[in-house]
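All ligand and atom numbering here is 1-based and tracks the order in the structure. Position 1 is the first residue of the sequence; numbering continues from there.
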Amino acid sequence: MTCSAPLRGLPAVLASAILAAPFFAGSAIASAPQQKTQAPGYYRQMVGDIEVTTLNDGTAKMDAVKILKGIKPEQLQKDLARSFLKDPYDWSFNGFLVNTGSKLVLVDTGAGTSMGATTGRLVANLKASGYQPEQVDEIYITHMHGDHIGGLSADGKRVFPNAVVRAAQAEGDYWLSQAKMDGAPAEQKDSFKNAMAMLNPYITAGKYKPFSGDIELVPGVHAVAAAGHTPGHTAYVVESKGVKLVLWGDLMHVAAAQFPDPSVSIGFDSDSEAAKAQRAKVFAEVAAQGDMVGGAHLPFPALGHLRKAGTGYEYVPVNYSTLQ
Ligand SMILES: [Zn+2]
């Protein structure tokens with residue numbers, strides 16, 4: 001193809017370079033099937049000297065309007081539209097792998113097989129990120145809902161054979177209790193059964209060690225009680241060289257609605273008022289201090305910061321960075 005006239009507004013040298021490109025060549029373009037897959041779902045972030053890897057477990061379609069409370073449907077639709085979303089939208093599931101230099105700690109394990117084919121990818125992404133399940137020393141559970149513990153066991157066996165599982169005493173006292181399950185409404189019984197099925201292989205092996213209070217679990221990682229979403233819901237704080245990352249579990253679920261208005265809550269909180277109070281407290285703290293946050297249901301890579309905006313907050317995702 002030849003053409004002597006420059007493209008309108010482009011320098012002649014640049015125009016001729018573009019005209020030489022295959023797109024303009026007029027020849028047939030080889031057809032290639034669309035791949036329809038994503039890059040492996042892991043993202044690395046240093047927190048001082050500690051390496052944190054977000055491990056995506058996948059996404060699943062969710063109707064926010066069906067599960068949020070304390071917001072009018074019209075307002076929710078406005079919030080979603082402002083984020084270029086509409087119901088149902090892809091909701092992220094994430095765990096975090098923390099390498100302190102001496103211990104490899106996994107915070108939450110994804111949904112396993114409990115939520116269908118678009119989730120349950122945490123272990124594949126852990127391997128893609130350069131680690132093996134056998135290398136995980138400790139697993140810290142934010143709470144025992146299926147999308148956080150579903151990756152712990154498969155076919156009655158521990159997926160992380162060398163790991164000790166740690167969770168707040170109050171969380172296990174609730175979800176691992178036959179008496180509590182017997183007294184729970186019918187629609188909640190499966191959650192208890194799932195918690196028992198996922199935790200029992202570790203309990204039997206002597207590898208389940210609950211803790212109480214806000215304690216340091218390994219140097220650089222400590223637990224902070226944040227009960228409300230569940231009775232023993234816990235955040236884990238990674239801290240090194242004055243840099244802090246707050247892994248807040250399920251303090252929020254729908255970014256588009258709950259950052260502008262943190263009083264919006266989710267239908268499956270154990271104690272909605274307590275969950276709301278925890279959300280208000282932690283949002284205010286991390287915004288004031290400039291701490292990084294990591295959320296199980298923030299969009300991948302699920303790491304960023306909050307800044308105050310009117311009566312609510314704006315979420316600023318991390319700036320993608322190559323590491324050396
Ligand atoms: Zn969750």
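Note: H143 and H233 have tilted aromatic rings, judged against thresholds of 30 and 60 degrees for the angle between ring planes. Under the 30°/60° scheme for interplanar angles, the aromatic rings of H297 and F93 are found to stand perpendicular.
Within 6.0 Å of CG in D182 there are more than 12 heavy atoms belonging to other residues, nucleotides or ligands.
Residue contacts to the Zn ion (ligand 1): H297 brings an N, O or S atom closer than 2.8 Å. Residue contacts to the Zn ion (ligand 1): H143 brings no N, O or S atom closer than 2.8 Å.
Distances from the Zn ion (ligand 1) to the N/O/S atoms of D250 are shortest for OD2. Restricting D147 to its N/O/S atoms, the shortest distance to the Zn ion (ligand 1) is reached by OD2.
Note that the CE atom of M46 and the CG atom of L245 stand 12.0 Å from one another [nearest 0.5 Å].
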